[in-house]
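The structure appears below as structure tokens.
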Protein chains: 2
Amino acid sequence: MSGFVGHFTNRIDAKGRVSVPAPFRAELARDGYDGLFCIAVPDLGTIDAGGNALRETLDRHIAQFEPLSFDHNYLSTALLGLSEQLRIDADGRISLTDTLKEAAGIDAQVTFVGQGFKFQIWTPERFAEHRAEALRRVQSLRRGAGAPSSGPDGGGHT
Amino acid sequence: MSGFVGHFTNRIDAKGRVSVPAPFRAELARDGYDGLFCIAVPDLGTIDAGGNALRETLDRHIAQFEPLSFDHNYLSTALLGLSEQLRIDADGRISLTDTLKEAAGIDAQVTFVGQGFKFQIWTPERFAEHRAEALRRVQSLRRGAGAPSSGPDGGGHT
DNA sequence: TGGGATATCATGGAGTCCTATGGGCGTCAA
DNA sequence: TTGACGCCCATAGGACTCCATGATATCCCA
């Protein structure tokens, strides 16, 4: 269970394609998922991506509600309806949809960031900020600023 | 076990036909259902659609009530009255009935929204509103401590 | 240990296939 | 007869397949 680890920056070509880092592809293959499951994270301006492990996490949340209830409906709309199922071509590339690109502000390059059971897709610029913010939070935590954060990037795992 | 995922907007042609998105058709084929089962959802102003998985969910829902009870009777009558069995033509298109179109306020375009075991058919306008509400609810879920974390970083979609 | 051979990977491009969409035509029923 | 419907074909644009290339990392053997 190695999961997605490390970060890689790749270029988007003229046809809108970008290579998924080989280690991530290997992990997806291990996971047995066909394609790449992606969902925008509006609060962070990034994209969550992964395979079965990510899907199962979302499905578990949805499964808490009665299948035909309003809650179930809203949750599955937000988590499944607003997500995208991308195909990975023979060369290991994906084509991000306009919706996803817009949600993450992506244009020419993307940074893939491993997060264990899933990974994120950022613009290099936003990831740099996000990373700096993450470090700041960890530092203030060290100074004993208060309760352990449960907010975005509360320290990442590993 | 991919289910219906993602959302697609297609046009209704002069003859009242509209293409079912290819990924959804593939899922219906996997599900082994011939045609498309549709049922209006008056409370939301949309249409639920799917194959065997949706049928079975409805059946289970009805089965919660005593077979000879009034509740069972009303519920099955209501559901049967609101449902339609549509044919999918050789080009992957359906023709929505007037009843269904009216229930969802459909005229020129429709948006198909995946929800796992089923999908919904909206007007693009109504879906935009519904989508905003769905995102709001997911956000408050995230902030409310209640839902289980989708990961150690808390940045997931809870 | 060094250097060449090999494998892997990201990237670019050409061509083919698929999909959504529009329209024609025959059939059946009102 | 007329309109709704099922079936067929046409097409433009996008999506996917396949092939080529350069760069980098890895391995093997002298």
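Just so we're on the same page: letters track the sequence lines, and every chain starts at 1.
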Which is more 5' along DNA chain C, the nucleotide nearest Pro23(A) or the one nearest Ala14(A)? Just name the residue.
Pro23(A)

Within 6.0 angstrom of Arg30(A) CZ, more than 12 heavy atoms from elsewhere
yes

Nearest-angstrom distance from the residue atom CG of Asn10(B) to C1' of dG14(D):
14 Å

Using whole Å, what does the distance between atom P of nucleotide dA15(D) and atom CD1 of Ile88(A) come to?
17 Å

Rounded to whole Å, CD1 of Ile94(B) lies from P of dA20(C) at a distance of 12 Å

Taking CD in Glu102(A) as the centre, count heavy atoms belonging to other residues, nucleotides or ligands within less than 6.0 Å. Is the count above 12?
no

If you check every side-chain atom of Ser19(B), which of dA20(C), dG22(C), dG12(C) has the closest atom?
dA20(C)

Hey, which of these two, Arg11(B) or Val18(A), hits DNA chain C nearer its 5' end, going by closest nucleotide?
Val18(A)

Of all the choices, dA20(C), dC16(D), dG23(C), which nucleotide is nearest to the side chain of Arg25(B) once you look at every atom?
dA20(C)

What does Asp13(B) touch in the nucleic acid at a heavy-atom separation under 4.0 angstrom: a base, only the sugar-phosphate, or nothing?
sugar-phosphate

Minimum-distance nucleotide (side-chain atoms of Ala22(A) versus dT21(C), dA10(C), dC18(D))
dA10(C)

Please determine whether any donor N or O and acceptor N or O are separated by less than 3.5 Å between the side chain of Arg93(B) and the base of dG22(C).
yes

Can you tell me the distance, in whole Å, between the CZ atom of Phe8(B) and the C1' atom of dG14(D)?
14 Å

Rounded to whole Å, CD of Gln85(B) lies from C1' of dC5(D) at a distance of 16 Å

Can you say whether the rings of Phe37(B) and Tyr33(B) are parallel (under 30°), tilted (30 to 60°) or perpendicular (over 60°)?
perpendicular

Between atom CG in Leu36(A) and atom C1' in dC16(D), what is the gap in whole Å?
16 Å

For atom CG of Asp89(B) and atom C1' of dC9(D), their distance in whole Å
13 Å

Out of dG6(D), dT21(C), dA20(C), which has the shortest distance to the side chain of Asp91(B)?
dT21(C)

Arg17(B) vs Arg87(A), nearer the 5' end of DNA chain D by closest nucleotide
Arg17(B)

Calculate the interatomic distance between Phe112(A) atom CZ and dA10(C) atom C1'; express it in whole Å.
11 Å

Is the Phe119(A) to Phe24(A) ring centre distance short of 6.0 Å?
yes

Quick one: are Leu82(B) and Pro42(B) in side-chain contact, heavy atoms under 4.5 Å?
yes

Go through the N and O atoms of the side chain of Lys15(B) and the base of dG6(D), and report whether any donor-acceptor pair is under 3.5 Å.
yes

